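Note sheet for the following structure.
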Amino acid sequence: MSSCCTPDGSCSTDAAEATTATAVADATTTVYAVSGMTCGHCKTAITTSVSALDGVISVDVDVAGGLVTVTTGGAPDDTAIAAAVEDAGYDLTGRA
């Protein structure tokens, strides 16, 4: 039978959980206005492009509202996010 506990009785997952908690605590959520989105394909294209950037934890696209919410591990790189949105074929018009 497998166990996550180490021979000294401590849990081997403690370090991973601490890292995750720290990453979430340092996260920054920024909302951007994006024009040109009309469907699910738009959502997928933007999510894929922005998610590939270093430091991006999550991306949520609201097609109807024209908003893209990006959560990053620290301050967002607005220039890189704008470039990723443009690479996907849309126009980031600024922070919402």
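Worth knowing before you read on, the calculation uses all heavy atoms, side chains too, and leaves out hydrogens, waters and symmetry mates. Bear in mind the structure is a predicted one, so any value in this text is a computation, not a measurement.
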- Minimal heavy-atom distance between Ala27 and Ile57, with the atoms involved, is CB-CD1, 4.0 Å
- Item | Single-linkage hydrophobic cluster, 4.5 Å side-chain cutoff, Val56 and Val34 together | yes
- Rounded to the nearest 0.5 Å, how far does CD of Glu86 lie from CD1 of Ile46? 11.0 Å
Check residues 87-96 and write down every donor-acceptor pair under 3.5 Å in which the side-chain atom is one partner and the other belongs to a residue at least two apart or another chain.
| unit_1 | atom_1 | unit_2 | atom_2 | d |
| --- | --- | --- | --- | --- |
| Thr93 | OG1 | Ala33 | O | 3.2 |
| Arg95 | NE | Asp78 | OD2 | 3.2 |
| Arg95 | NH2 | Asp78 | OD1 | 3.1 |
| Arg95 | NH2 | Asp78 | OD2 | 3.0 |

- Has the side chain of Thr69 got a donor or acceptor atom that lies under 3.5 Å from a matching backbone atom of Val31? no
- Note on the structure: Closest non-hydrogen atoms of Ile81 and Pro76, given as atom of the first, atom of the second and distance, are CD1-CB, 4.0 Å
- Query: Is a side-chain N or O of Ser49 found less than 3.5 angstrom from the main chain of Ala45, in a donor-acceptor match?
  - Reply: no
- Message: In this structure, would Val61 and Leu67 fall into the same cluster of hydrophobic residues linked by side-chain contacts under 4.5 Å?
- Response: no
- Task: Determine the minimum heavy-atom distance between Val50 and Val85, stating which atoms define it.
- Result: CG2-CG2, 3.9 Å
- Query: Does Thr47 use its side chain to pair, donor to acceptor, with the backbone of Val59 at less than 3.5 Å?
  - Reply: no
- Not counting sequence neighbours, which residues clear side chain to side chain contact (heavy atoms under 4.5 Å, CB included) with Ala52? List them please. none
- Query: Which atoms form the tightest heavy-atom contact between Asp62 and Met37, and what is the distance?
  - Reply: O-CE, 3.7 Å
